[in-house]
J.: 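I have a structure I would like to understand better, so I am pasting it below and will then ask my questions one at a time.
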Amino acid sequence: MVIDPSIGARIRYIRELNHFTREELAEYADISTKFLYEIENGQKGLSATNLLKICQALEVSCDYIMTGKVDYKCSEEIINILESFDTTQIPNVKRILAAVLEVSKF
């Protein structure tokens with residue numbers, strides 16, 4: 001089995017971004033902490049099933065973990081909400097979204 005260390009690095013990056021300990025993510029993904037450590041450090045590969053469980057726990061796409069490519073698509077619901085604002089409200093919406101983005105970085 002070929003082990004791509006960048007896959008483990010991306011898992012660790014997203015885990016830390018979400019402020020999960022290794023123990024928490026392992027529990028959420030129903031895998032052992034040791035196995036997660038080995039994945040994150042490029043020592044072991046993982047099955048599609050375990051990849052899916054980790055991605056679901058992190059709420060990230062399998063495509064991002066596997067390739068590192070981000071393909072964001074705004075949901076139709078969000079687009080509809082944004083389009084419902086009056087043009088005079090748009091500057092306030094932008095400020096609110098910028099503030100939410102900034103807070104989400106913590």
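What you see is a predicted model; the values in this text were computed from it and never measured.
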J.: State the CG-OG distance between Leu52 and Ser61, to the nearest 0.5 angstrom.
T.: 11.5 Å
J.: Mind jotting down which residue pairs meet the ring-ring contact (aromatic ring centres under 6.0 Å, His included) criterion with at least one end in residues 23-64? Sequence neighbours excluded, please.
T.: Phe20-Tyr28
J.: Apart from Leu82 itself, which Ile, Leu, Val, Met, Phe, Trp or Tyr residues share its cluster (side-chain heavy atoms under 4.5 Å, direct or through members)?
T.: Ile78, Ile81, Phe85, Ile90, Val93, Leu97
J.: Evaluate the side-chain contact (heavy atoms from CB on, under 4.5 Å) criterion for residues Gln43 and Ile3: first the C-alpha distance (whole Å), next the side-chain angles of each, then the deciding distance (0.1 Å), finally the verdict.
T.: CA-CA 7 Å; Gln43 297 169 356; Ile3 300 169; over 6 Å; no
J.: Just grab all the salt bridge (charged side-chain N to carboxylate O under 4.0 Å, His left out) pairs involving residues 28-39, residues at least two apart or on different chains.
T.: Lys34-Glu38, Glu38-Lys44
J.: For the atom pair OG (Ser32) and CD (Glu23), what is the distance rounded to the nearest 0.5 Å?
T.: 11.0 Å
J.: Asn92: what forms a side chain to side chain contact (heavy atoms under 4.5 Å, CB included) with it, not counting sequence neighbours?
T.: Arg95
J.: Checking Asp86 now: which residues fulfil side-chain hydrogen bond (donor to acceptor under 3.5 Å, both in side chains) with it, not counting sequence neighbours?
T.: Thr88
J.: Not counting sequence neighbours, list each pair that qualifies as a salt bridge (charged side-chain N to carboxylate O under 4.0 Å, His left out) and has a residue in residues 74-85.
T.: none
J.: Can you see which heavy atom on Ala29 is nearest to which on Ala57, and at what distance?
T.: N-CB, 4.2 Å
J.: Would you say that Ile54 contacts Ile14 through its side chain, given a criterion of any heavy-atom pair below 4.5 Å between the two side chains?
T.: no
J.: Do Glu24 and Arg15 sit within salt-bridge range, that is, some charged N less than 4.0 Å from a carboxylate O?
T.: no
J.: Nearest 0.5 Å, what's the CD1-CD distance between Ile7 and Glu40?
T.: 13.0 Å
J.: I'd like to know whether Leu36 forms a side-chain contact (heavy atoms from CB on, under 4.5 Å) with Ile11, so could you lay out the CA-CA distance, the side-chain angles of the two residues, the decisive distance to 0.1 Å, and finally the verdict.
T.: CA-CA 9 Å; Leu36 180 57; Ile11 290 171; 4.1 Å; yes
J.: So Leu58 and Leu25, do their side chains get closer than 4.5 Å, heavy atoms only?
T.: yes
J.: Under 3.5 Å, is there a donor-acceptor pair between the Asp4 and Ser6 side chains?
T.: yes
J.: Are any non-hydrogen side-chain atoms of Glu27 and Thr33 less than 4.5 angstrom apart?
T.: no
J.: State which residues pass salt bridge (Lys or Arg N to Asp or Glu O under 4.0 Å) with Arg12; sequence neighbours excluded, sorted by chain then number.
T.: Glu16
J.: CD1/Ile79 to OG/Ser84 distance, rounded to the nearest 0.5 angstrom?
T.: 12.5 Å
